[in-house]
Amino acid sequence: MSQVVKGLGCLSDVCKKRQVCDSMCQHMSSSLVDVIALIHSIFKSANCFPITKEELVHKIIINNLDIVEKREVEEQIDLLERLVPDWIYKELAPGGDIMYKWRDYEVNPLHVIGSA
């Protein structure tokens, strides 16, 4: 009987961790939607020219009051690169800077993220 109770306690911990994980995923998804819209706006205002990683991160932080940490922005950009590489990607410039590029065509990153 004590093994069953211990097993249920462990299951309870797993459920709690799952709820926390689900909550974090929902928060990340909603903040990713905001970041996607913001990146789209940033590239449109730059006439879709490549911009440096520092400039992109800086503009996202300035224009999104919910994000205050540079690390968080960088993580979200990295996640978008993995989820929708046909939409946003980086290249190394001859001077060594990381340049982000954006493709403005039928790829809708919101559909890709919604199915992930």
Side-chain angles (χ1 to χ4, degrees):
M1 181 69 164
S2 66
Q3 289 178 336
V4 172
V5 172
K6 286 180 185 176
L8 290 176
C10 182
L11 182 60
S12 175
D13 290 344
V14 169
C15 288
K16 286 177 187 174
K17 288 177 184 176
R18 176 65 189 220
Q19 289 172 345
V20 169
C21 183
D22 288 347
S23 175
M24 287 173 57
C25 288
Q26 286 175 345
H27 172 70
M28 253 187 108
S29 289
S30 67
S31 75
L32 270 179
V33 170
D34 294 341
V35 170
I36 289 168
L38 191 50
I39 289 173
H40 181 265
S41 166
I42 290 167
F43 274 101
K44 285 290 189 179
S45 70
N47 294 322
C48 299
F49 287 109
I51 60 175
T52 65
K53 178 180 180 177
E54 290 77 23
E55 184 179 1
L56 181 59
V57 169
H58 178 72
K59 287 184 177 191
I60 291 171
I61 290 172
I62 285 175
N63 290 297
N64 188 333
L65 300 176
D66 294 333
I67 300 174
V68 293
E69 291 185 31
K70 180 180 173 184
R71 179 191 52 78
E72 181 182 356
V73 173
E74 290 171 344
E75 286 173 358
Q76 289 183 340
I77 293 171
D78 289 342
L79 182 58
L80 285 174
E81 282 183 89
R82 288 191 305 268
L83 290 173
V84 281
D86 291 337
W87 185 71
I88 187 169
Y89 62 100
K90 65 183 169 191
E91 288 184 354
L92 193 59
D97 288 332
I98 296 174
M99 302 295 293
Y100 275 96
K101 297 183 176 187
W102 171 71
R103 293 185 183 118
D104 185 18
Y105 59 100
E106 286 102 46
V107 175
N108 184 341
L110 297 177
H111 290 132
V112 174
I113 290 170
S115 65

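W87 and W102 have perpendicular rings, their planes meeting at more than 60° on a 0 to 90° scale where under 30° would count as parallel.
Rounding to the nearest 0.5 angstrom, the gap separating the NE2 atom in H58 from the CG atom in N63 is 9.0 Å. Separating the SG atom in C48 from the NE2 atom in H40 is a distance of 7.5 Å, to the nearest 0.5 Å. To the nearest 0.5 Å, atoms CD (E75) and CZ (R71) are separated by 4.5 Å. Note: I98 CD1 to T52 OG1 = 9.5 Å, rounded to the nearest 0.5 Å. Here D78 contributes atom CG and L83 contributes atom CG; the two are 11.0 Å apart, rounded to the nearest 0.5 Å.
Clustering ILVMFWY residues whenever any of their side-chain heavy atoms sit less than 4.5 angstrom apart, transitively, puts I39 in a cluster other than the one holding M99. Residues Y89 and F43 are members of separate hydrophobic clusters, defined by side-chain heavy-atom contacts under 4.5 angstrom among Ile, Leu, Val, Met, Phe, Trp and Tyr. Side-chain heavy atoms closer than 4.5 Å link hydrophobic residues (I, L, V, M, F, W, Y) into clusters, and following such links, even through other members, never connects F49 to I42.
A distance-only check finds no donor-acceptor pair linking the side chain of N64 to the backbone of I60 [under 3.5 Å].
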Practice problem: Step by step, work out the side chain to side chain contact (heavy atoms under 4.5 Å, CB included) result for V84 and I36. | Solution: CA-CA 11 Å; V84 281; I36 289 168; 6.0 Å; no
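Here the closest heavy-atom approach between residue K70 and residue V57 is recorded as CG-CG1, 3.7 Å. Summarising the geometry of Q76 relative to V35, their closest heavy-atom pair is OE1-CG2, 2.8 Å, with the distance given to 0.1 Å.
In this structure, the side chains of I88 and L56 come closer than 4.5 Å at one or more pairs of heavy atoms.
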